[in-house]
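These notes concern the structure reproduced below.
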Amino acid sequence: MSQGELSSWLAANKLSSVERTFQERTVTLEELLEFEVDELVDFAKDMKLDTLSTRRLMKGIEEEKKRRSDASQTQEGSSTWKGQEITKYGEGVPQVNVDDDSIIPGASEQLKGLVRGKDDQIRIIVTVHEQEAFNKLQGRQQECETLMEKIALSIEELTRETLLKQTIQDTLESVILTLKEKEQQVQFEVVQKQKQKELLLKSQLQILSNHQNTLAL
């Protein structure tokens with residue numbers, strides 16, 4: 001895969017932010033396709049990807065593997081559709097063109113709409129309308145996946161906000177507790193000062209009284 005194709009693949013999977021790192025470390029998509037799941041997780045950690053980017057990377061690799069696998073099977077000899085001529089058939093099935101409402105002439109009732117290839121795998125023949133329906137379904141699936149990613153991101157942000165609120169609350173409670181302890185300590189010191197002052201005044205009053213008695217004599 002060329003650098004341009006890799007850039008396109010990263011952009012398609014919303015990973016353009018790591019393209020520069022990929023270039024600096026000469027990372028190729030072919031290398032990533034050889035990774036097992038745990039190796040991909042370690043790679044994502046090494047690249048310092050967040051949770052959402054890690055999910056996008058693993059999902060993109062999984063889809064790329066599936067796409068290449070499907071393409072490989074198609075090259076080995078699958079039937080073509082959407083009004084094109086069928087190129088491979090099972091024994092006894094004549095060559096026909098597939099139109100919107102056509103079936104395979106000469107096929108048994110069980111094989112209508114199906115073709116068995118030379119590799120003994122069954123292929124389903126679809127009409128143009130069916131293909132359009134499949135395309136719409138894939139579009140809806142992509143919309144659902146995008147929505148799920150947004151939900152996951154919202155949950156992650158909500159979790160961070162919740163943790164931040166909890167941290168603030170814990171800090172406030174700690175400050176309040178410290179202030180209460182300080183208040184109790186100050187009140188205790190005030191009471192002690194009052195007692196000391198009271199004793200001092202009583203002592204001074206006694207001395208003054210003694211002097212008055214002396215002068216009176």
Side-chain angles (χ1 to χ4, degrees), residues 1-76 78-84 98 100-101 113-115 121-171:
M1 176 176 285
S2 66
Q3 189 61 48
E5 291 173 333
L6 178 59
S7 298
S8 299
W9 184 88
L10 291 172
N13 289 278
K14 302 177 182 179
L15 292 168
S16 297
S17 59
V18 299
E19 179 180 352
R20 182 175 180 180
T21 307
F22 270 51
Q23 293 175 351
E24 292 175 351
R25 301 179 61 172
T26 63
V27 178
T28 65
L29 183 59
E30 282 71 19
E31 291 175 329
L32 296 180
L33 290 173
E34 295 176 357
F35 284 0
E36 298 296 336
V37 175
D38 55 342
E39 292 175 324
L40 274 176
V41 172
D42 292 339
F43 175 78
K45 290 181 180 179
D46 184 49
M47 295 281 288
K48 294 181 173 56
L49 299 183
D50 58 24
T51 302
L52 185 59
S53 296
T54 300
R55 174 181 291 185
R56 288 174 177 172
L57 175 64
M58 298 183 69
K59 178 183 174 184
I61 293 297
E62 181 181 355
E63 290 179 349
E64 182 65 21
K65 286 181 179 180
K66 184 177 183 301
R67 186 189 69 79
R68 295 194 179 193
S69 176
D70 292 343
S72 176
Q73 292 179 4
T74 300
Q75 291 175 358
E76 290 174 358
S78 63
S79 301
T80 57
W81 49 36
K82 294 182 67 175
Q84 300 178 7
V98 181
D100 285 353
D101 298 317
L114 300 176
V115 169
Q121 291 186 359
I122 296 296
R123 271 95 173 168
I124 300 176
I125 300 175
V126 299
T127 65
V128 174
H129 294 313
E130 289 171 334
Q131 182 63 42
E132 291 176 350
F134 287 146
N135 292 340
K136 289 181 179 179
L137 183 60
Q138 289 178 342
R140 295 291 186 272
Q141 180 182 1
Q142 184 62 39
E143 291 176 0
C144 290
E145 291 175 350
T146 301
L147 181 59
M148 289 175 64
E149 289 181 355
K150 290 181 179 180
I151 292 174
L153 182 59
S154 298
I155 292 175
E156 188 174 345
E157 292 177 351
L158 181 60
T159 300
R160 287 199 297 266
E161 291 178 0
T162 302
L163 291 174
L164 179 59
K165 289 180 180 179
Q166 186 62 45
T167 301
I168 294 174
Q169 182 176 353
D170 292 342
T171 303

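For reference, positions follow the sequence shown, starting with 1. Note that these values count all heavy atoms, side chains included, but never hydrogens, waters or copies made by symmetry.
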Rounded to the nearest 0.5 Å, what separation is found between the [atom1] atom of [X] and the [atom2] atom of [Y]?
X    : Y    : atom1 : atom2 : result
L147 : E145 : CG    : CD    : 11.0 Å
L6   : T28  : CG    : OG1   : 8.0 Å
T51  : E156 : OG1   : CD    : 4.5 Å
L49  : T21  : CG    : OG1   : 8.5 Å
I155 : M148 : CD1   : CE    : 9.5 Å
I168 : L164 : CD1   : CG    : 4.0 Å

Under 4.0 Å between a side-chain nitrogen and a carboxylate oxygen: does that hold for [X] and [Y]?
X    : Y    : result
E24  : R20  : yes
K66  : E63  : no
E161 : K165 : no

**Q.** Residue R160 excluded, over 12 heavy atoms near CZ under 6.0 Å
**A.**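 Yes - once you tally the heavy atoms of other residues, nucleotides and ligands closer than 6.0 Å, there are more than 12.
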
For [X] against [Y], the heavy-atom pair lying closest together:
X   : Y   : value
A11 : S16 : CA-OG, 3.3 Å
E31 : T26 : OE1-O, 3.8 Å
L33 : K65 : O-CE, 2.9 Å

A side-chain contact here means heavy atoms from C-beta on lying under 4.5 Å apart; do [X] and [Y] qualify?
X    : Y   : result
L153 : R55 : no
V18  : R56 : no
K59  : E62 : no
M58  : V41 : yes
F43  : I61 : no

Q. Given the rule in the side chain to side chain contact (heavy atoms under 4.5 Å, CB included) test, do L15 and M47 qualify, once you have shown the distances and angles that lead to the verdict?
A. CA-CA 12 Å; L15 292 168; M47 295 281 288; over 6 Å; no

Q) Is a donor on one side and an acceptor on the other found under 3.5 Å between the side chain of N13 and the backbone of W9? A)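 Indeed, once roles are kept as given, a pair shorter than 3.5 Å links the two residues.
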
Q: In sequence, state the C-alpha distance, the side-chain angles, and the governing distance for Q142 and Q138, and then conclude on side chain to side chain donor-acceptor pair (under 3.5 Å).
A: CA-CA 6 Å; Q142 184 62 39; Q138 289 178 342; over 6 Å; no

